[in-house]
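For reference, the structure is listed below as structure tokens.
Lettering follows sequence order; numbering is per chain, from 1.
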Number of protein chains: 2
Amino acid sequence: MTKIVEAAIEADPKLPVIRITRDFDATPEQLFRAHTDPELFVRWNGPDSLQNKIDYWDARTGGSWRYVSSRGTEEHAFHGSFHEVRPDLIVQTFTWEGQPDGVALETLRFEDLGGGRTRLHAQSLVDSFESRDAWLRSGMEVGVNEGYARLEEMARAGSL
Amino acid sequence: MTKIVEAAIEADPKLPVIRITRDFDATPEQLFRAHTDPELFVRWNGPDSLQNKIDYWDARTGGSWRYVSSRGTEEHAFHGSFHEVRPDLIVQTFTWEGQPDGVALETLRFEDLGGGRTRLHAQSLVDSFESRDAWLRSGMEVGVNEGYARLEEMARAGSL
């Protein structure tokens, strides 16, 4: 029986921050690999309707990344830097090239819940409430939930 | 006659942001070089009492940097990523390694005022008001003002 798991997506009332929390049937090591290995990342990053292709990807402190998501002739490109890459913490920047002056600072933490389970704490910080609220209205929850469901499937299938 | 120029250092009332504004007797190209050429950067970055030494520095979109500032046996190391490097805009991350989990997202814009003058707009964004206010209480204005005075001297001396 597959249970539907939705990530908690929360807007901070006082900071231009989005926080996403989700528990996974996966170890911290598996979550870390899913976020740093480009071959794995392209397979789960949502939404399901888009195909991801890596342009460049160097997942170490001081490295950088770029990928293109497409659906037919529709293309969206994203790029950023890996500010910090540690087993329990990834800090990275994120720009959707459709808005090249926009940038978010993302923090991912992997909390070991024991028994092969992990709580992901993802935080996205931008410099205005307007930008933050535009992300929340963009339908991002579809990509987040479809992507994380695929990530968890990959963990269960032993692919991570 | 040398006039004393102080940078305006402002805390946003609603965002965990510090904004620094200062006019320079320098062109946008000179300010860009002062912030991207490591040989120039170590000569002006304040305060005067610290010596800067580059560890690594790659000032392009997706590059990264690290330097160490010292005074006798006292050492402070800093590192970050260059998220975006364009002639009129630099977006970078910044961590003081004394607080390795702290990170700021910095945006520098060079506004051409004409006649060889430029307004620098620097913004620093963190994820809490406590961290922002700790920076403001740290005596940062000394380093900011001493550093920018040296930068402007270098521009006047034709060193940029």
A:Trp57 reachable from A:Leu108 in the ILVMFWY side-chain graph, under 4.5 Å edges: yes
Straight-line distance of A:Glu84 CD to B:His79 NE2, nearest 0.5 Å: 3.5 Å
B:Ile9-B:Phe129 co-clustered via ILVMFWY side chain contacts under 4.5 Å: no
Residues from residues 37-50 of chain B approaching chain A under 4.5 Å (heavy atoms): none
Members of residues 90-106 of chain B whose heavy atoms come closer than 4.5 Å to chain A: B:Val91, B:Thr93, B:Phe94, B:Thr95, B:Pro100, B:Asp101, B:Val103, B:Leu105
Heavy atoms of other groups near B:Gln51 CD, more than 12 under 6.0 Å: no
Same cluster (ILVMFWY, side-chain, under 4.5 Å), B:Met154 and B:Leu31: yes
Closest-packed option against chain B by number of heavy-atom pairs under 4.5 Å, given A:Gly63, A:Ser128, A:Gly62: A:Gly62
Within residues 133-143 of chain B or reaching into it, pairs that qualify as side-chain hydrogen bond (donor to acceptor under 3.5 Å, both in side chains) - sequence neighbours excluded: none
Which atom of B:His83 lies closest to which atom of A:Ser81, heavy atoms considered: CA-OG, 3.6 Å
Name of the residue among B:Asp127, B:Leu15, B:Val17 meeting side-chain contact (heavy atoms from CB on, under 4.5 Å) with A:Pro16: B:Leu15
Same apolar cluster (I L V M F W Y, side chains within < 4.5 Å links), B:Leu136/B:Val144: yes
Side chain to side chain contact (heavy atoms under 4.5 Å, CB included) between B:Leu125 and A:Leu125, worked out: CA-CA 9 Å; B:Leu125 168 70; A:Leu125 169 70; 3.8 Å; yes
Common cluster, A:Ile54/A:Phe82, ILVMFWY with side-chain heavy-atom separation under 4.5 Å: yes
Chain A neighbours within residues 64-76 of chain B, where any heavy atom lies under 4.5 Å away: B:Ser64
